[in-house]
Amino acid sequence: MLRLHDTATGTVHPLVQRDAGRVSIYVCGPTVYDLPHLGHGRYALVFDVLRRFLLFSGLEVHYVSNVTDVDDHIIDRAAAEERTEADVAAEYEARWWEAMDALGVLRPDDTPHATGYVADMVSLVAGLQGRGVAYETSDGVYLSVDRIAGYGLLARQPLESLRAGARVAAGEEKRSPLDFVLWKKAKPGEPSWPSPWGPGRPGWHTECVVMSLDLLGDGFDLHGGGQDLAFPHHENERAQAVADGRDFAHHWMHNGWVMVGGEKMSKSLGNFTSLTDLLGRRDPRAYRLLVLRSHYRSPIEVTDVTVSDAEKGLERLDGLARRFALPDVLDAAPGGFVVAGTGAATDADADAVARFNEAMEEDLDTPSALAAIFELVSRAHSVADGGGPRDPAAVRTAGTVAVLCGALGLPLRAGTGEVDDASASLAAERDQARRERDWDRADAIRDRLVAGGWTVEDGPQGTVLRR
RNA sequence: GGCGGCGUGGCCGAGUGGUUUAGGCAGGGGCCUGCAAAGCCCCGUACGUCGGUUCGAUUCCGACCGCCGCCUCCA
């Protein structure tokens, strides 16, 4: 049984399933007004790994993640670029999925869009107003936070201390500084939908309540996102659900920051690197490995050094795949993973698989899970050094590595990459020179290849080139 | 001001009240190799500071120092 840290309690406890064998998850997705940055990439990877591990464990998963396609940022960008809001949202949503595909993040089972749920949101807000927990002002409708039992649950502090630190903007008509907007009245030129309060648009915190409950139902298992969503976003979602008398998420999971030079990466600090940029320059799998190398709740530094470090780790895994010509296991049906030879595997293999599972089940301890994998890598090589790459025990161990990596969404690459004709003929020339024991010529050719960016290895069939 | 997190060997980064090590990267030595590369073997007595509990603490408790974050849009 998977145990996970729960933001609501501050403890690690079992992820209880409302429906046995089936896990329902809602993860807050992107607001599509700009390129995704590394922080988006991290949360997407963290929850992708969670989802894959649940599938790997034989569970069914209903994974829902939204796209916020109506929002002030989108409106601002559209105005600045003299485009429609829909046009801006469509462009950046497309860029989002490109990045997700590059990262190997599985598509959600459902991807609700805020604009598709406006009528339901209006109903919710009207209902809240009817119950007297929401009130109208000149610019919108707000929720009265002090009417909510347990407000502050996810912030992990009581309402009073939250209120003490709250900043108050001038000219606000809110009754309490923590009250938040449910509905925004449209200004001229802004996109709008009809409502009892006149034309307007929903506030950000409302969409996820409506969409998660609609698609997953009351009392769904897990709600997640980046740490910065815990408060106020998730707190406010929960507040609405509570006020509406609904049973909301039973478990809350939040991942830690991407840091830059010791500071949180964020839009407001302007210190962000776009995910699109990183994926264009580096092996996308390196970012996944980098994310997996630290615990999901710890901050991670993403720098050239840490990315390079991850790439070298990846090289070690790919090296194993090359030696054993391991197939790409990622294409296997997500729920159909079978741990290679679990029954027939050596005790050492079974032990490593057990350690992998135990690590993952204890709050997704991916660093320890990776340690188990790397130990298998060493042993596969070690056994093959004695019995050759066809040695059944070595092959089985290597296969286990591929399966476990697959469970983490990390495909291994056995190929050496495209080798151009000129380089291939140089390699052939070198092999000829080596057969003639003309070492000077062979080494000169190798130097040329290395200068051309190749890694040159002597394999059983002669020179092997790879980038 | 309130609340929370973190401080592990050159770097990254798990974990644990003591008996044998996380793991990766880098570095040193050896094996293999025509030489390399890849791979294998061996190597580093690390746990912020000061106290306390304990037979024994990096691991528990307290204080302190330092760093980071949330309380505002933010993954």
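Labels below follow one simple rule: chain letters A, B, ... track the order of the sequence lines, proteins then strands, and each chain is numbered from 1. All values below were derived from every heavy atom in this structure, side-chain atoms included, with hydrogens, water molecules and symmetry-related copies excluded. All of these numbers come straight from a predicted model, not from anything done at the bench.
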Strand-adjacent residues in residues 89-102 of chain A, judged by heavy atoms under 4.0 Å from RNA chain B: none

Which residues share a side chain to side chain contact (heavy atoms under 4.5 Å, CB included) with A/Pro14, sequence neighbours left out: A/Met1, A/Arg3

A/Arg175: side-chain hydrogen bond (donor to acceptor under 3.5 Å, both in side chains) partners, not counting sequence neighbours: none

Can you give the donor-acceptor pairs under 3.5 Å from side chains of residues 386-395 of chain A to other protein atoms, not counting sequence neighbours?
{"residue": "A/Asp391", "atom": "OD1", "partner": "A/Ala393", "partner atom": "N", "Å": "2.9"}
{"residue": "A/Asp391", "atom": "OD1", "partner": "A/Ala394", "partner atom": "N", "Å": "3.1"}

Contact list for RNA chain B against residues 156-163 of chain A - heavy-atom distance below 4.0 Å: A/Arg156, A/Gln157, A/Ser161, A/Leu162

Under the salt bridge (Lys or Arg N to Asp or Glu O under 4.0 Å) test, residues paired with A/Glu301 that sit two or more places apart: none

Dot-bracket encoding of pairs in RNA chain B, which uses [ ] for pseudoknotted crossings and | for another strand, Watson-Crick or G-U under 3.5 angstrom: (((((((..(((.....[....))).(((((.......)))))....(((((..]....))))))))))))....

With sequence neighbours excluded, residues passing ring-ring contact (aromatic ring centres under 6.0 Å, His included) with A/Tyr151: none

Letter per nucleotide, 5' to 3', of nucleotides 35-45 of chain B [B base touched, S only sugar-phosphate touched, - untouched; heavy atoms, 4.0 Å]: BBBSSS-----

Salt bridge (charged side-chain N to carboxylate O under 4.0 Å, His left out) partners of residues 72-81 of chain A, not counting sequence neighbours, each pair once: A/Asp34-A/Arg77, A/Asp72-A/Lys184, A/Asp72-A/Arg201, A/Arg77-A/Glu81, A/Glu81-A/Arg83

Per A/Trp257 side chain, nearest of listed nucleotides B/G15, B/C70, B/C73: B/C70

Dump every N/O contact between nucleotides 9-13 of chain B and the protein below 3.5 Å, one line per pair.
{"residue": "B/C12", "atom": "O2'", "partner": "A/Arg293", "partner atom": "NH2", "Å": "2.9"}

Proximity to the side chain of A/Lys312 - top-ranked nucleotide from B/A75, B/C25, B/A14: B/C25

Partners passing ring-ring contact (aromatic ring centres under 6.0 Å, His included) against A/His233 (at least two apart in sequence or in another chain): A/Trp204, A/His205

